[in-house]
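Taking it in order: structure first as structure tokens, then the write-up.
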Amino acid sequence: MLSKKMQSALNAQINAELWSAYLYLSMSMDAADKGLKGVSNWFAVQFREEQDHAQILINYMQSRGARVELAPIAAVETAWASPLAMYEDTLKHEKEVTAMINDLCAIAEAENDRASSNMLIWFIDEQVEEEQSAADIIAELKMVGDDKLGLYMIDKDMAARVYEQAEPLTSKE
């Protein structure tokens with residue numbers, strides 16, 4: 001059984017993951033409007049991954065007999081000055097999500113909730129990957145600067161990203 005405090009925090013995290021999905025969908029649409037099909041694809045894949053993250057938390061809560069309470073999704077930005085601005089916002093946001101995951105871990109630890117602690121390990125590893133991915137793309141975009149050919153090449157690379165359903169290593173087939 002999850003404590004009321006953990007249930008509330010997990011419900012907030014579900015909302016944050018769905019907000020993240022909404023943010024990345026918005027970035028995907030803005031990139032498409034700018035003719036950046038690869039960047040649009042990258043964010044479309046990210047949109048689906050964030051939905052998976054929410055679903056993993058939902059599944060966990062339900063497996064523990066906890067009530068999932070969905071909250072309204074707050075509005076997100078709809079336009080960015082450049083792909084670099086998109087990825088800088090992405091990195092900033094992912095760092096905020098990492099802090100939220102760390103807070104969940106602190107609650108689990110304080111409550112001696114081993115099941116939640118174990119489940120959250122996957123999210124910790126995922127956040128390391130999310131932050132590194134955004135940081136790497138920012139470095140690439142800064143490297144090419146205003147070079148349109150460089151942006152074209154980065155955009156082509158991003159078009160190759162494919163969606164793979166996210167799931168914790170402990171999930172059952």
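Here the structure is a predicted model, which means the values were calculated and not measured.
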Let me see the working for Trp80 and Ser26 under side chain to side chain contact (heavy atoms under 4.5 Å, CB included), right down to the final yes or no.
CA-CA 10 Å; Trp80 287 262; Ser26 183; 3.7 Å; yes
Begin with the C-alpha distance, continue with both residues' side-chain angles, and end with the deciding distance and a verdict on side chain to side chain contact (heavy atoms under 4.5 Å, CB included) for Tyr22 and Met27.
CA-CA 9 Å; Tyr22 197 46; Met27 288 177 170; over 6 Å; no
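Across all non-hydrogen atoms, the minimal contact from Asn11 to Val68 is OD1-CA, 3.3 Å. Contact detail for Leu120 and Ala108: the closest heavy-atom pair is CD1-CB, 4.4 Å. Smallest separation of non-hydrogen atoms from Asn41 and Ala159: ND2-O, 3.3 Å. The minimum heavy-atom distance between Val39 and Ala31, with the atom names listed, is CG1-CB, 3.6 Å. For Ser20 against His93, the heavy-atom pair with the smallest separation is OG-NE2, 2.5 Å. Annotation for Ile107 and Ala9: closest pair CD1-CB, 3.6 Å, computed over non-hydrogen atoms.
For the pair Glu50 and Leu18, the minimum side-chain heavy-atom distance is 4.5 Å or more. For the pair Phe123/Val97, no side-chain contact is recorded, criterion being any heavy-atom separation below 4.5 Å from C-beta on. Between Asp113 and Leu2 the shortest side-chain heavy-atom distance falls below 4.5 Å. Leu104 has its side chain out of reach of Ser116: every pair of non-hydrogen atoms, C-beta onward, lies at least 4.5 Å apart. Side chains of Ile14 and Tyr60 form no contact here, defined as non-hydrogen atoms less than 4.5 Å apart. Taking the side chain as every heavy atom from C-beta outward, Lys142 and Leu84 approach each other to under 4.5 Å. Between Trp42 and Asp155 there is no side-chain heavy-atom pair separated by less than 4.5 Å.
The closest side-chain donor-acceptor pair between Glu49 and Gln165, if any, does not fall under 3.5 angstrom. A donor atom on one side chain and an acceptor atom on the other are found under 3.5 Å apart for Glu131 and Thr98. In the model, Arg161 has a side-chain atom that pairs as donor or acceptor with a side-chain atom of Gln46 under 3.5 Å.
Once rounded to the nearest 0.5 Å, the distance linking CD of Glu109 with CZ of Arg114 reads 8.0 Å. The structure places NZ of Lys34 at 8.0 Å from OG of Ser82, a figure rounded to the nearest 0.5 Å. Taken from CD1 in Ile124 to CE in Met119, the straight-line distance is 10.0 Å, to the nearest 0.5 Å. With rounding to the nearest 0.5 angstrom, the CD atom of Gln127 is 13.0 Å from the CD atom of Gln132. The distance from the CE atom of Met6 to the CD atom of Glu111 is 5.5 Å, given to the nearest 0.5 Å. Interatomic distance, Leu23 CG to Glu77 CD, rounded to the nearest 0.5 Å: 7.5 Å.
Linking ILVMFWY residues whenever their side-chain heavy atoms come closer than 4.5 Å, directly or via other members, leaves Met100 and Trp19 in distinct clusters. A continuous path of ILVMFWY side-chain contacts below 4.5 Å connects Leu70 to Met61, so both sit in one hydrophobic cluster. A continuous path of hydrophobic side-chain contacts links Leu25 to Ile73 [ILVMFWY only; heavy atoms under 4.5 Å]. Linking Ile, Leu, Val, Met, Phe, Trp and Tyr residues whenever their side-chain heavy atoms come within less than 4.5 Å leaves Leu57 and Ile121 in two separate clusters.
Chaining together hydrophobic side chains whose heavy atoms lie under 4.5 Å apart places Val45 alongside Tyr163. Under the 4.5 angstrom side-chain criterion for Ile, Leu, Val, Met, Phe, Trp and Tyr, the cluster partners of Met153 are Leu149, Tyr152.
Sorted by first and then second residue, the ring-ring contact (aromatic ring centres under 6.0 Å, His included) pairs with a member in residues 97-120 form an empty list; sequence neighbours excluded. Residue pairs meeting the salt bridge (charged side-chain N to carboxylate O under 4.0 Å, His left out) criterion with at least one member in residues 87-102, sequence neighbours excluded, do not occur. Residues in residues 8-24 take part in no salt bridge (charged side-chain N to carboxylate O under 4.0 Å, His left out) pair, two or more places apart or across chains.
Between Asp52 and Arg48 no salt bridge is recorded (no basic side-chain N to carboxylate O distance below 4.0 Å).
Counting only distance, with no hydrogens or angles, the side chain of Ser40 and the backbone of Leu36 share no donor-acceptor pair below 3.5 Å.
When the ring-ring contact (aromatic ring centres under 6.0 Å, His included) test is applied to Tyr24, the partners found at least two apart in sequence or on another chain are Phe43.
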